[in-house]
Amino acid sequence: IHSAFAGIQKINEFYIMEEKKQPAALTENTDYCIAADLKNVTFGYDESQVILNDVSLQIKKGEQVTLLGRTGAGKSTIFKLLLGLYEPQKGMVLIWGVPSVDLPDAKKRKVFGYVEQSFHMVPGSVKDQITLYDAKISDTDVKKAAELTGLAKTIEALPDQYDTICTQDLFSQWQLLSIARAAAAEPEILLLDEITANLDAETEKMVLNALQRVSKNRTVISISHRTMAETGRVIPIS
Ligand code: ATP
Ligand code: MG
């Protein structure tokens, strides 16, 4: 309920928002070696409650890190700040040296691939689930993303393959489709929010395999993700 109220407030803010002017001097630079940079960030969804208190962390280009912390510690909140959905009360959140809130929405899909626990279906075909109606993502890209995540065979066995209208009972492995959706735009930074929680062993294995392929040559920030925890740096969030 708390989160729904905050959502309604956010929607209202959105409706009264004026179009943001893009500061001309700010262009993100992926040659820059720091992908994400939180500098002394203090944040709360409202003034009465501080969720993150003076948090600083840096994630380098190509690094694979895991944010680890108890429930409610603010891990998903850090993702929302990185995505530029919220602005910190104090400090700065930089993506490739640019404040995340200043990244134009049109660029965000190139910068971030965001995978969360639940899959949000959009009306349309299986292909639409992967492209999110982005015409710049070609059929070849869609196929590549499906192959990368191990979904290609399942999709090709559907009556109209990629053009099959998507319904709730079409698949069981939504998490893989979610990863394909994130991978299709070839994002620079992958954000994975507890995506292997609540999966059966077989699906979890498929998801981990898919992730391994998708994570190659990318900056990956995951929340409580076991395989990543074994290979990369672990950042405690308290
Ligand atoms: P979990 O491991 O359970 O996913 P988390 O570390 O991801 O936890 P967050 O989702 O970042 O935690 O939440 C941090 C705190 O902020 C919690 O106390 C939560 O209730 C609160 N919170 C999260 N989203 C909102 C919101 N939209 N509005 C107000 N409070 C929120
Ligand atoms: Mg969370």
Side-chain angles (χ1 to χ4, degrees), residues 3 6 10 23 26-105 107-117 178-179 182-183 185-197 208 211-212 214-238:
S3 157
K10 198 76 186 142
L26 291 175
T27 43
E28 78 278 14
N29 176 7
T30 54
D31 294 333
Y32 188 70
C33 71
I34 310 294
D37 197 355
L38 268 73
K39 286 182 196 263
N40 305 97
V41 168
T42 295
F43 175 79
Y45 290 93
D46 50 58
E47 275 83 57
S48 62
Q49 185 193 27
V50 174
I51 310 281
L52 301 170
N53 188 14
D54 198 24
V55 173
S56 294
L57 58 96
Q58 275 195 341
I59 295 155
K60 296 198 184 77
K61 183 177 183 171
E63 213 182 354
Q64 313 216 327
V65 303
T66 305
L67 308 183
L68 213 62
R70 61 173 171 79
T71 182
K75 305 177 298 293
S76 300
T77 302
I78 290 180
F79 275 15
K80 290 180 201 161
L81 289 168
L82 291 173
L83 289 162
L85 300 175
Y86 290 92
E87 209 166 3
Q89 274 92 30
K90 277 191 213 149
M92 279 198 288
V93 178
L94 305 174
I95 299 294
W96 304 121
V98 172
S100 59
V101 285
D102 290 333
L103 284 176
D105 287 340
K107 268 199 185 158
K108 276 189 185 158
R109 238 201 132 195
K110 264 301 213 207
V111 176
F112 301 108
Y114 175 46
V115 187
E116 52 183 336
Q117 234 180 66
S178 212
I179 298 169
E186 299 272 351
E188 293 146 8
I189 304 171
L190 268 183
L191 302 176
L192 312 171
D193 196 345
E194 300 213 60
I195 66 166
T196 55
L208 290 179
L211 269 184
Q212 215 158 37
V214 174
S215 301
K216 231 178 178 171
N217 305 322
R218 293 218 159 89
T219 307
V220 183
I221 311 173
S222 54
I223 292 179
S224 307
H225 190 260
R226 271 171 280 159
T227 32
M228 299 294 173
E230 282 161 19
T231 53
R233 176 160 66 103
V234 176
I235 303 175
I237 306 295
S238 57

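Keep in mind that what you see is a predicted model, and the values were worked out from it rather than measured.
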Colleague: Mind checking whether L208 and Q212 have side chains closer than 4.5 Å, heavy atoms only?
Modeller: no

Colleague: List the steps, then state whether side-chain contact (heavy atoms from CB on, under 4.5 Å) holds for L67 with I78.
Modeller: CA-CA 9 Å; L67 308 183; I78 290 180; 4.0 Å; yes

Colleague: So which atom in P187 and which in A182 form the shortest heavy-atom distance, rounded to 0.1 Å?
Modeller: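 Closest pair (atom of P187, atom of A182, distance): CD-O, 3.1 Å.
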
Colleague: Spell out, as yes or no, whether a donor-acceptor pair under 3.5 Å connects the side chain of S178 to the backbone of V115.
Modeller: no

Colleague: Is the side chain of S100 donor-acceptor paired with the backbone N or O of L81 at a distance under 3.5 Å, no angle test?
Modeller: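 Answer holds: yes.
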
Colleague: Hey, are the side chains of L38 and L82 touching, using non-hydrogen atoms and a 4.5 Å cut-off?
Modeller: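 Side chain of L38 against side chain of L82, heavy atoms only: contact under 4.5 Å found.
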
Colleague: How long is the span from the CD1 atom in I59 to the CD1 atom in I95, to the nearest 0.5 Å?
Modeller: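 Spacing of CD1 (I59) from CD1 (I95) equals 8.0 Å.
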
Colleague: Using salt bridge (Lys or Arg N to Asp or Glu O under 4.0 Å) as the criterion, list what pairs up with E63, not counting sequence neighbours.
Modeller: R233

Colleague: Are L68 and P236 side-chain neighbours, meaning at least one heavy-atom pair lies under 4.5 Å?
Modeller: no

Colleague: Measure from the side-chain N and O atoms of Q64 to the backbone N and O of S215, and report whether any donor-acceptor pair falls under 3.5 Å.
Modeller: yes

Colleague: For T42 and D54, what are the C-alpha separation, side-chain angles and deciding distance, and is it a side-chain hydrogen bond (donor to acceptor under 3.5 Å, both in side chains)?
Modeller: CA-CA 5 Å; T42 295; D54 198 24; 5.1 Å; no

Colleague: Quick one: is the NZ or CZ of K10 closer than 6.0 Å to the six-membered ring centre of Y86, and within 45° of its axis?
Modeller: yes

Colleague: Distance check, rounded to the nearest 0.5 Å: K75 atom NZ versus S238 atom OG?
Modeller: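 That separation rounds to 11.0 Å.
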
Colleague: So for atom CG, which belongs to D46, do other residues, nucleotides or ligands contribute more than 12 heavy atoms lying within a distance under 6.0 Å?
Modeller: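 Counting other residues, nucleotides and ligands, CG of D46 exceeds 12 neighbours.
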
Colleague: Do the side chain of Q89 and the main chain of G44 share a donor and acceptor less than 3.5 angstrom apart?
Modeller: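 Yes, because the side chain of Q89 sits within donor-acceptor range (under 3.5 Å) of the backbone of G44.
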
Colleague: Counting C-beta onward and ignoring hydrogens, is there a side-chain heavy-atom pair between W96 and V111 closer than 4.5 Å?
Modeller: yes

Colleague: Quick one: which residue pairs count as a salt bridge (charged side-chain N to carboxylate O under 4.0 Å, His left out) with a foot in residues 33-42, not counting sequence neighbours?
Modeller: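 Output for this query lists D37-K39.
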
Colleague: Which value, rounded to the nearest 0.5 Å, describes the distance between L83 atom CG and D105 atom CG?
Modeller: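 Between L83 CG and D105 CG, I get 10.5 Å after rounding to 0.5 Å.
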
Colleague: Find the distance between CD1 (I235) and OG (S56) and round it off to the nearest 0.5 Å.
Modeller: 11.0 Å

Colleague: Atom CD1 in I51, atom CD1 in I237: separation rounded to 0.5 Å?
Modeller: 13.0 Å

Colleague: Say you draw a straight line from NZ of K90 to CZ of F43; how long is it, rounded to the nearest 0.5 Å?
Modeller: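 Reported value, rounded in 0.5 Å steps: 14.0 Å.
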
Colleague: Check whether any side-chain heavy atom of K110 sits under 4.5 Å from a side-chain heavy atom of E186, and report yes or no.
Modeller: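 SC-SC contact between K110 and E186 confirmed.
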
Colleague: Are the side chain of T219 and the backbone N or O of I189 linked by a donor-acceptor pair below 3.5 Å?
Modeller: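 Checked: no pair found.
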
Colleague: Do K80 and Y45 have a side chain donor and acceptor closer than 3.5 Å?
Modeller: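 A donor-acceptor contact under 3.5 Å links the two side chains.
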
Colleague: Are more than 12 heavy atoms from other residues, nucleotides or ligands located less than 6.0 Å from atom CD of Q49?
Modeller: yes

Colleague: What is the minimum heavy-atom distance between R109 and A185, and which atoms define it?
Modeller: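 The answer is O-CB, 3.5 Å.
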
Colleague: Looking only at heavy atoms, which two atoms of L191 and F112 are closest? And how far apart?
Modeller: CD1-CD2, 3.9 Å

Colleague: Indicate yes or no: at least one non-hydrogen side-chain atom of L192 is less than 4.5 angstrom from one of L211.
Modeller: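 Yes, side chains in contact.
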
Colleague: Would you check if L94 and I34 make a side-chain contact, meaning some heavy-atom pair closer than 4.5 Å?
Modeller: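 They are not in contact (no side-chain heavy atoms under 4.5 Å apart), so the answer is no.
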
